Amino acid sequence: MIDPKLLRSAPREVAANLARRGFVLDVEALTALEDRRKIAQVEADRLRAERNAKAKQVGMAKGRGEDVAPLLAQGERLAQELVAAETAINAVQAELDVLQLNLPNLLQESVPDGADESANAELRRWGTPRSFAFTPRDHVELGENLGRGMDFEAGARIAGARFVVLRGQVARLHRALGQFMLDLHTREHGYTEVYVPYMASPASLRGTGQLPKFEQDLFAVHGEQNYYLIPTAEVPVTNLVRDQILEAKELPLKFVAHSPCFRSEAGSSGKDTRGMIRQHQFDKVEIVQIVEPDKSRAAHEELTLHAEAVLQRLELPYRVVALCAGDIGNASSKTYDIEVWLPGQQRYREISSCSNFESFQARRMQARWRNPATGKPEPLHTLNGSGVAVGRALVAVLENGQQADGSISLPAALQPYFGADRIGV
RNA sequence: GGAGAGGUGGCAGAGUGGUCGAAUGUACCUGACUCGAAAUCAGGCGUAGGUGCAAGCCUACCGUGGGUUCGAAUCCCACCCUCUCCGCCA
C-alpha cells in the first residue's frame, strides 16, 4: 500500500503518479473521507478518555466505601454514546481501508509512459536468433513427436483445458531445468534455497497484493480454512518476513524457491490456447530479495541480471524490456520483463518478470527493519523475479535446439543435469 | 481423530474484574566509577493513530474476532497457533 502519510499530505501528487497507469484517484472523495475519519476518531477518543476516567472514579469511590450509583449511571450513558461513536469510526475506517488496499503502487519516474505493451521500452538484446534451414516447428509438435513427451490430451482428460502431462525425456528435461536454475542461483548468485507451502492464507495473499483486487486470478481451496493455491512462489517466500522486524545486519535476504504455480487465467480465454505457454499449473524458479530501501534500485538491476544469466547459460536469445506505465503490475514500482526468442512463434515471449515493489508489499505485510540511522522500525523493500519460468524455459530449449529430424540439441550447461547432450526422436 | 496444557514487551516471567501498557529478571542504550574493561550504581528502553511550535497530552494494542460490565490481560463464546499423551498415517 501507499504510505498513508503521503496519501494524506500530498494526495494530488499521488493521483498524478497513479494517473500514468490510467488509474483515477478521486482526491475530493479521499479528502472528504479522511476528514470524516479524523472527526470521528477524535470524538471516539474523547468519549473513551471520559469513560476511562469515570470507570477509574468508580473504582476509587468503591475503595472508599462511597455510593457509586450516580457514577454508574453516568458511565452507562457514556458507554452508549461510545457505541455510536465507534460504529461511526469503524464505518469510515472500513471505507478508507478498502480504498487504500485497492490503490496500485506509485511508479518510479523512470518507468516509460504508455498505455499497453506496445509502449514497452526495449533496453537490450542478447544472442542472435538462429536461422533454420527448415521451417522450425513449435514445441507442441516437437514435444508430441518425442515419444508423446508432451501430452495435452492426457492433461485435459485428467484435469481439463490448460493442463499438460509430460513424459519420458521431456519430463526429465523439465526436471533438469529446475535443478539447473536452483544450483545457479544458490551457488553463484548467493541465494538461499527455500521450500515453502504451495497454499497460502488470505493474509499472505493480501500481503503480496493479490488480494483483495485479483481474487479472480486465483484458485481457492474450499474447506474449513480459506486457502488459495499460490499463483507464484513470490507469495510464500516474500511472506517469510511478514510481521517481522529485521536487524540491518541481517539484510539483504536473498531467497530462491522452485514451486508449482496455479493461475485461473480468468480473462485470458482465447489467449495462448495452444501449447504450454499459458497453463493453469506451471513450475517456476522464483528469486526474492528483501533489502534496505536505499538499496532496492541497485538490487533490482542485480536481480534482473541473475535471471538473464539463466538464459545466457541456456544459450537462449532474449531481450529485456522496461514495462510502460499502463502495462506494469499493480504492486510494482518498476518492472523489467525478459522475453525469450521462440522460433516456433518467430517472436520474443515473456519468460521472466523482475519487479521492485519498494515498500508496497512491506507495508501490507508489516515487514520492517530497524533503521540504525533513526532507531525506528521502517518498512523494508521487496523485490522478486522469475529466475525463470520452468515451463516456458522448456518450450524455449525445445524450439531453439531443434534439429531437422525433430531431435533436440541441448546447451552444454544443461547436459550434466539431463545426462545427455541431445534428446533423440 | 481423542484427551490435556498453554499463547503477556527482544527473551524469560508475574499478574484471575478497578489508579495495569502491564511487576520482576535479563538483554540493549546513556551516564557515573575505571588507565581501560568487568562488576556496581543511576537513568532510559514496545508498536500505531490523534493533537500540539514544543515539552507533553489523549487513544488503541496482553494469539485473533465477538460478548458480558460503569470498567476486561483477567469472566464468557468462537476461531487460529504451540506443546504433551493416545490413535492413525506418507
Side-chain angles (χ1 to χ4, degrees), chain A residues 1-9 11 30-101 195-207 211-212 220-228 236 239-251 359 362-380:
Chain A
M1 65 197 265
I2 294 174
D3 183 355
K5 282 187 182 128
L6 183 69
L7 193 59
R8 275 198 293 269
S9 62
L30 173 72
T31 318
L33 204 54
E34 184 57 43
D35 289 345
R36 275 210 288 141
R37 184 196 62 84
K38 198 170 282 187
I39 291 166
Q41 186 181 332
V42 168
E43 175 63 5
D45 280 0
R46 185 187 67 78
L47 285 169
R48 258 189 234 107
E50 214 176 311
R51 178 207 61 189
N52 291 348
K54 206 57 85 184
K56 213 169 260 184
Q57 285 177 28
V58 174
M60 289 190 292
K62 266 192 178 170
R64 291 190 299 264
E66 297 170 6
D67 175 25
V68 295
L71 284 172
L72 290 190
Q74 289 173 29
E76 197 163 351
R77 201 162 52 243
L78 273 171
Q80 281 166 15
E81 285 180 59
L82 187 56
V83 167
E86 283 184 333
T87 305
I89 176 85
N90 289 343
V92 184
Q93 191 61 56
E95 264 187 82
L96 263 176
D97 288 347
V98 167
L99 196 151
Q100 289 201 12
L101 279 175
Y195 169 82
V196 290
Y198 298 154
M199 295 194 272
S201 65
S204 288
L205 286 145
R206 207 174 303 119
L211 291 180
V221 179
H222 294 294
E224 287 186 20
Q225 304 206 32
N226 292 322
Y227 293 126
Y228 291 90
N239 274 283
L240 280 169
V241 294
R242 181 154 57 91
D243 293 324
Q244 304 287 305
I245 300 177
L246 303 176
E247 297 301 324
K249 62 172 187 282
E250 300 177 76
L251 300 170
S359 59
R363 278 217 167 73
R364 292 169 160 251
M365 290 192 299
Q366 296 258 62
R368 295 169 292 176
W369 71 304
R370 200 170 289 280
N371 183 350
T374 62
K376 292 280 176 190
E378 296 171 11
L380 285 156

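All values reported here derive from a predicted model rather than from experimental measurement. Note on naming: letters A, B, ... go to the chains in the order of the sequence lines (proteins, then strands), and numbering restarts at 1 for each one. Computed over heavy atoms, backbone and side chain alike; hydrogens, waters and symmetry mates excluded.
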Please determine whether side-chain contact (heavy atoms from CB on, under 4.5 Å) holds for the pair Arg37(A) and Gln93(A), giving the CA-CA distance in whole Å, both sets of side-chain angles, and the decisive distance to 0.1 Å. CA-CA 7 Å; Arg37(A) 184 196 62 84; Gln93(A) 191 61 56; 3.2 Å; yes
Tabulated below should be each protein N or O lying under 3.5 Å from an N or O of nucleotides 64-69 of chain B; please produce it.
none

Between [atom2] on [N] and [atom1] on [X], what's the gap in Å once rounded to a whole number?
X: Lys54(A); N: A72(B); atom1: NZ; atom2: P; answer: 16 Å
X: Glu86(A); N: A60(B); atom1: CD; atom2: P; answer: 9 Å
X: Asn90(A); N: G49(B); atom1: CG; atom2: P; answer: 17 Å
X: Ile245(A); N: C11(B); atom1: CD1; atom2: C1'; answer: 14 Å
X: Gln93(A); N: A48(B); atom1: CD; atom2: C1'; answer: 12 Å
X: Leu96(A); N: G49(B); atom1: CG; atom2: P; answer: 14 Å
X: Lys376(A); N: G49(B); atom1: NZ; atom2: P; answer: 11 Å
X: Ile89(A); N: A60(B); atom1: CD1; atom2: C1'; answer: 11 Å

Paired nucleotide for [N] [Watson-Crick or G-U wobble; both distances under 3.5 Å]:
N: U24(B); value: A12(B)
N: U84(B); value: A3(B)
N: G36(B); value: none
N: G43(B); value: C29(B)
N: G56(B); value: U51(B)
N: G71(B); value: none
N: C62(B); value: none

Does [X] pair with [Y] as a salt bridge, N-O distance under 4.0 Å?
X: Arg370(A); Y: Glu378(A); result: no
X: Lys54(A); Y: Glu50(A); result: no
X: Asp35(A); Y: Lys38(A); result: no

Touch class at under 4.0 angstrom, heavy-atom based, for Leu72(A) against every strand present: base
Under 4.5 Å between any side-chain heavy atoms of Arg206(A) and Ser201(A), yes or no? no
Does some side-chain heavy atom of Pro377(A) sit less than 4.5 Å from a side-chain heavy atom of Trp369(A)? no
B/S/- along nucleotides 51-59 of chain B (protein heavy atoms under 4.0 Å) is S------SS
Does Gln57(A) form a side-chain contact (heavy atoms from CB on, under 4.5 Å) with Gln74(A)? I'd like the steps, not just the answer. CA-CA 11 Å; Gln57(A) 285 177 28; Gln74(A) 289 173 29; 5.6 Å; no
So, the side chain of [X] versus the backbone of [Y]: is there a donor-acceptor pair under 3.5 Å, distance only?
X: Arg368(A); Y: Ile245(A); result: no
X: Gln100(A); Y: Asp97(A); result: no
X: Ser204(A); Y: Ala200(A); result: no

Could you measure between the two [atom1] atoms, the one in [N] and the one in [M], and give it in whole Å?
N: G25(B); M: G31(B); atom1: P; answer: 23 Å
N: G9(B); M: U47(B); atom1: C1'; answer: 10 Å
N: A73(B); M: C20(B); atom1: P; answer: 12 Å

Whichever of Glu76(A) and Gly59(A) has the more 5' nearest nucleotide on RNA chain B, that residue is Gly59(A)
Given that Glu34(A) and Met60(A) both sit by RNA chain B, which one's nearest nucleotide is further toward the 5' end? Met60(A)
Can you check side-chain contact (heavy atoms from CB on, under 4.5 Å) on Arg36(A) and Glu95(A), steps first, answer last? CA-CA 11 Å; Arg36(A) 275 210 288 141; Glu95(A) 264 187 82; 3.3 Å; yes
